[in-house]
Amino acid sequence: MIDKIKVNISAFAYYTLMHDMFRFSCFKPNGDINQNDFLNSVIINSYKTKLDERNELMKLLRKEAILTDISSKNKEKMISASIKVLETYHTDETHFLNNCYFMIYPTKHTQDLFDEIYENEIKNRMSISAYIRSLINKYVHLPQFLREILVNKDEYKILNDACDNKNIVYFKVNDKEFKLAPYSLVINNEETFVYLIGLDLNSKKLNPISIKLSKIYNIVVSKEKFTYTKEQLRDIQKIINHGVEFASGEIITAKIKVTEAALRMLLYKTHNRPRLKMIDENTLEVSCTLNNFLNYFIQFGKEIKILDNDDVKNRMHKFYLEALKSYDE
């Protein structure tokens, strides 16, 4: 039985893992980072993914081998040898120093899988630390949204199946209970996070809602089914097109006058940037939710001016007035 493992890793891998603990909301009930559970999830789900990939590869190799004139015994030998060659372990030791480390403690839920890793993957081949480092190195080089999916591998599969089968789901987010008619798991436009989008069945108007995958827990899939109307499907698709992370609120449009400085800012301030349409060299039409508009354009200050849509104009005016009051007190 493996009690604890010290894994030396590069600074790049270390800080990627640390940042992901915050990005993917890996906290204990008291607010502390749940480092050990997070690392267990990364390692065990990376191992499970590796097995899935291996099984798919074996199926493909068997399919191809059947078409050739090879004995069954030699086919299996060829397949096993091919798997070993193709399964290269990701080590960044030629590029980085492994001068950081984590201590990993298998939990009661993962202990058997760590023992399985040792028996099937490690024994007489390499140290368990080297093997885990290879899994971590592969993980940290994935795009962020794929890392979120991997960390939440089981939740992703449950929710994805519920979306496909149109099953109503119950779950919690920050101890708040939700009842949702799930539509799809969607990657945001910046490809950083995955969101579950659907209709909030606890709201009277069945409002569209999107929730980050990593915030969802205690999922229960109901046998109840939900069928979307054409209008509901149109509203959901509109939200996805404008930015799935801003699902709440109606889509608004507003024309804004921009300075040259604002145009330059628009080029590099890509985070949560809404859809823009050029009217002329100094005028843009913005289409997004109200929250998206406020969250994004507040940072532009005097470099933009809202030309129409009094509601948006009043909200911006109120924000700047309240900010100014804090300096007068």
Side-chain angles (χ1 to χ4, degrees), residues 144-145 173 178 180-212 215 228-329:
Q144 184 178 304
F145 76 92
V173 176
F178 285 84
L180 196 83
Y183 176 70
S184 183
L185 286 157
V186 182
I187 303 162
N188 66 346
N189 291 335
E190 295 173 347
E191 298 187 351
T192 50
F193 293 104
V194 179
Y195 289 81
L196 175 66
I197 188 166
L199 297 181
D200 182 2
L201 299 183
N202 287 333
S203 64
K204 291 181 180 179
K205 294 184 179 180
L206 304 184
N207 297 322
I209 187 173
S210 66
I211 300 172
K212 200 181 291 183
K215 290 183 176 292
Y228 279 79
T229 65
K230 288 183 180 179
E231 185 179 355
Q232 288 167 338
L233 287 172
R234 186 172 62 248
D235 290 343
I236 288 277
Q237 195 56 53
K238 190 184 292 184
I239 288 167
I240 292 171
N241 292 340
H242 284 83
V244 68
E245 60 268 52
F246 292 101
S248 59
E250 295 182 6
I251 305 298
I252 59 98
T253 58
K255 289 180 182 177
I256 60 173
K257 186 177 181 180
V258 293
T259 64
E260 288 185 12
L263 288 172
R264 289 194 297 270
M265 290 167 71
L266 286 166
L267 292 176
Y268 65 84
K269 289 186 178 294
T270 58
H271 182 60
N272 292 335
R273 184 176 61 198
R275 287 192 164 195
L276 305 170
K277 181 181 178 182
M278 204 80 172
I279 304 299
D280 58 46
E281 60 182 9
N282 294 116
T283 310
L284 299 174
E285 184 178 80
V286 185
S287 179
C288 61
T289 63
L290 179 60
N291 285 339
N292 191 181
F293 187 100
L294 297 174
N295 288 338
Y296 183 76
F297 282 107
I298 275 170
Q299 63 189 315
F300 283 71
K302 64 182 177 62
E303 305 301 333
I304 69 160
K305 181 180 179 181
I306 301 166
L307 301 177
D308 58 4
N309 199 319
D310 290 339
D311 184 31
V312 179
K313 195 183 295 184
N314 292 335
R315 294 287 191 101
M316 291 284 273
H317 186 253
K318 182 181 177 182
F319 172 84
Y320 289 124
L321 279 180
E322 289 178 350
L324 187 60
K325 284 179 184 176
S326 67
Y327 289 96
D328 294 336
E329 293 175 355

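Sorted by first and then second residue, the pairs that involve residues 278-287 and meet side chain to side chain donor-acceptor pair (under 3.5 Å), not counting sequence neighbours, are H242-S287, D280-T283.
In this model, no donor atom of one side chain and acceptor atom of the other lie less than 3.5 Å apart for Q144 and T192.
Under the 4.5 Å side-chain criterion, counting only non-hydrogen atoms from C-beta, I211 is in contact with V173. Proximity of R315 to F319: side-chain heavy atoms (C-beta onward) are nowhere separated by under 4.5 Å. Side-chain contact check for D308 versus T253: every heavy-atom pair is 4.5 Å or farther apart. Considering only heavy atoms from C-beta on, I306 comes within 4.5 Å of F293 through its side chain.
Listed for the D200 side chain is no donor-acceptor partner under 3.5 Å among the backbone atoms of N207. Checked by atom type and distance alone, the side chain of Q237 never pairs as donor or acceptor with a backbone atom of R234 at under 3.5 Å. No side-chain donor-acceptor contact under 3.5 Å links Y296 to the backbone of H271. Listed for the E303 side chain is no donor-acceptor partner under 3.5 Å among the backbone atoms of F300.
For G198 against Y228, the heavy-atom pair with the smallest separation is CA-OH, 3.4 Å. The two residues L284 and I279 make their nearest non-hydrogen contact at C-CG1, 4.2 Å. The shortest non-hydrogen separation linking L206 to Q232 is CD1-NE2, 4.0 Å. Contact detail for E191 and I187: the closest heavy-atom pair is CA-CG2, 3.5 Å.
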